[in-house]
Amino acid sequence: FIPGGLSVLLYLILFYFDTTPEEEVYLNHPYAVGVLVSSVSFLIIFRANYGYQRYWEACTTVHHLMSKWMDCAIFIGVFHLQSEHYKDM
């Protein structure tokens, strides 16, 4: 919320208080805007993909952790049932 609000505030300040003549604006041509939009889109998609990969890596790690705990519980149960106390069952 705060970064978005700051960027809107900065835009409004620049929009209403900028005294640069229209001829000196650098982004009048649509190709310049296209390059900027493409670059920012690429960076956003790359970051989202990286976050998606980290999410699935965490899911894999949790699954591996749960399987190891299940192995531990099964081994404890097997060794417990092999004791002398359960021999007459």
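Keep in mind the model is a prediction, meaning the values are calculated, not measured.
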Among the clusters formed by ILVMFWY side chains lying less than 4.5 Å apart, do [X] and [Y] turn up in the same one?
{"X": "F75", "Y": "W69", "value": "no"}
{"X": "L9", "Y": "F17", "value": "yes"}
{"X": "Y11", "Y": "V8", "value": "yes"}

Inset, instruction - Return each pair, listed once, that meets side-chain hydrogen bond (donor to acceptor under 3.5 Å, both in side chains) where at least one residue sits in residues 38-51; pairs must be two or more places apart or across chains. - result: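 Listed by first then second residue: nothing to list.
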Inset, instruction - Among residues two or more places apart or on two chains, list those pairs meeting side-chain hydrogen bond (donor to acceptor under 3.5 Å, both in side chains) that have a residue in residues 57-68. - result: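 As it turns out, there is no side-chain hydrogen bond (donor to acceptor under 3.5 Å, both in side chains) pair with a partner in residues 57-68 once direct neighbours are skipped.
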Legend entry - Hydrophobic cluster (4.5 angstrom, side-chain heavy atoms) - remaining members for V78: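 Its cluster mates, by chain and number, are M70, I74.
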Inset, instruction - Considering only Ile, Leu, Val, Met, Phe, Trp and Tyr, and joining two whenever side-chain heavy atoms are under 4.5 Å apart, list the other residues clustered with V40. - result: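 Cluster partners of V40: I44.
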Inset, instruction - Can you sort out the partners of W56 under side-chain hydrogen bond (donor to acceptor under 3.5 Å, both in side chains), two or more places apart, ordered by chain and number? - result: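 In terms of side-chain hydrogen bond (donor to acceptor under 3.5 Å, both in side chains), with neighbours along the sequence ignored, W56 is linked to Y52.
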Inset, instruction - Just jot down the side-chain hydrogen bond (donor to acceptor under 3.5 Å, both in side chains) partners of Y16, sequence neighbours excluded, or say none. - result: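 In terms of side-chain hydrogen bond (donor to acceptor under 3.5 Å, both in side chains), with neighbours along the sequence ignored, Y16 is linked to no residue.
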